[in-house]
Every structure is written in structure tokens, then in C-alpha cells.
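First up is the structure itself, then whatever we jot down about it.
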Amino acid sequence: MTRAIALLAFVALAFPPLARAGVEVRTSAAGRVVITNETPAERGRRLSSRLLEPPQADLLERIAFYAAEQNLDPKLVQALVQAESGYNRLALSNKGAMGLMQLMPGTAAELAVTDPYDVEQNLAAGTRYLRRLMDTFGQTELALAAYNAGPGAVTRHAGIPPYAETRTYIQRILSMWHGKPMSLAGFKVRGSSVAWKKSAGGRLLLTNQP
């Protein structure tokens, strides 16, 4: 109990938004202490293969706005948001991904996000990042694989990585997007031009441009 209280205090100090979001500290069956701010309803939405209405009345409008800015299908973005966070704007994964579209700290910093738990900033950055992956890999399935497992994993495997979590994630989003169960074929990176390159400023970029 003392350890759980200490962990709660740490979360409250390190992540103020999460302290207001019903953070729960529990012990798993394996004896590990798990910190979560996900309710059973949010978890159910996140793991569903059906596209569900978000609990926030205006969220679909905001998703549609930022999807249109990046020439993305709003239903695809909605499906990704649902699969990533279950529409929980204060979601924090055990790997450090944050907010509705689960931005990793490095991605958030690169996209100049000052508050990853802010709905507007999170959706704006998340859709920009998804657009970049779509342009880089040329296929929705590969872009989703890169969003989940990282662009490097897709490049190394020249296609969807053989990770059960990533494949289930892609199938779930495709099923929500198309409104029917979907399976994965052998999606591969087109051509051999996808590679890491160093920009003039010294930053590493993943690109399919020569």
C-alpha cells in the first residue's frame, strides 16, 4: 500500500493532468504494479473493432477538421483515435505515448507540441504525422504499421512487421474504417527507395524521395 501511495504521489507531481483523470494504481496477476488512467469503458472502446461514437460531443467535428487539413479520411482518423486512446484525451501509455492520438515525446517535440493532452494540438500533430507516414510509405496499411511500431520497423521488414500487436492494431483500424472485418495481405514497401537520410540541419529523416 505504501508503494502504491508513493506512485500516486509521483504521478500527481510529474503529470498534473493525469492526477485529475482518475489515475489508478493496481497490482497485476503477475505481481507487477500498474499505473493506469484508463476506465473500463475507454478500454472497451480502444479494443473494439466497431467504430463507436466518442463521448465528447464535439470531438467528431474536431477530428474532421484536422483530417481535412491533411487530406485524410475523417473515419480513418477517428478509427485511429479510438484504437489509440479510446477517446481519452489524457491517455498515457506505459511507453510514454500521450493524448488522443498517443504522441510519443520525441514526435510531440518534433512537431512543436507544447501540451500533448490538449485536444487541438494533439489532433493537429497526430494528423500531420499520419500524413507524413502515408506520403512516405504510400499505403494506408504501412502507414498504420509505422504509426504503431515505428517507421524504422516497417523499413527493416520491408513491409508490415511480424508483430502480433501491430497486425491486430492494423486489422482493428481497417475494420472500423471499412465497417467490416478486414484481413492483412502481404503489404510491402513499394520499391527500395525508402531510407533514412540526414537533412541539412543534421536531423535524420525517413523519406522515399531521392
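Keep in mind the model is a prediction, meaning the values are calculated, not measured. All values below were derived from every heavy atom in this structure, side-chain atoms included, with hydrogens, water molecules and symmetry-related copies excluded.
- Without hydrogens or angle criteria, T127 side chain to A124 main chain gives a donor-acceptor distance under 3.5 Å.
- Hydrophobic cluster membership is shared by V77 and F65, with clusters built from Ile, Leu, Val, Met, Phe, Trp and Tyr side chains linked at under 4.5 angstrom.
- Checked by atom type and distance alone, the side chain of R131 pairs as donor or acceptor with a backbone atom of N71 at under 3.5 Å.
- Of the inter-residue distances, the one linking L174 atom CG with L144 atom CG reads 6.0 Å to the nearest 0.5 angstrom.
- For N122 (side chain) and M98 (main-chain N/O), a donor-acceptor pair under 3.5 Å exists by modelled atom type.
- Taking 4.0 Å as the cut-off between side-chain N and carboxylate O, R62 and D58 do not count as a salt-bridged pair.
- Of the possible donor and acceptor atoms, none in the side chain of Q70 sits under 3.5 Å from a partner among the backbone N and O of L130.
- In summary, R46 and E38 engage in a salt bridge, as defined by a charged side-chain N under 4.0 Å from a carboxylate O.
- With hydrophobic clusters built from ILVMFWY side chains whose heavy atoms lie under 4.5 angstrom apart, I63 shares a cluster with V119.
- Note: R172 CZ to S48 OG = 8.5 Å, rounded to the nearest 0.5 Å.
- For the pair A91 and Q102, the tightest heavy-atom approach, listed with the atom from each and the gap, is O-NE2, 3.3 Å.
- Side-chain polar atoms of Y129 and E110 form no donor-acceptor pair below 3.5 angstrom.
- Residues L72 and L59 share a single hydrophobic cluster, defined by chaining ILVMFWY side chains whose heavy atoms lie under 4.5 Å apart.
- Between the side chain of Q121 and the backbone N or O of D115 there is at least one donor-acceptor pair closer than 3.5 Å.
- Side chain to side chain, Q82 and Y87 meet the donor-acceptor criterion of an N or O pair below 3.5 Å.
- Between the T107 side chain and the L103 main chain, no donor and acceptor come within less than 3.5 Å of each other.
- For the residue pair Y66/E120, the side-chain donor-acceptor check at 3.5 Å is satisfied.
- In summary, R167 and E141 do not engage in a salt bridge, as defined by a charged side-chain N under 4.0 Å from a carboxylate O.
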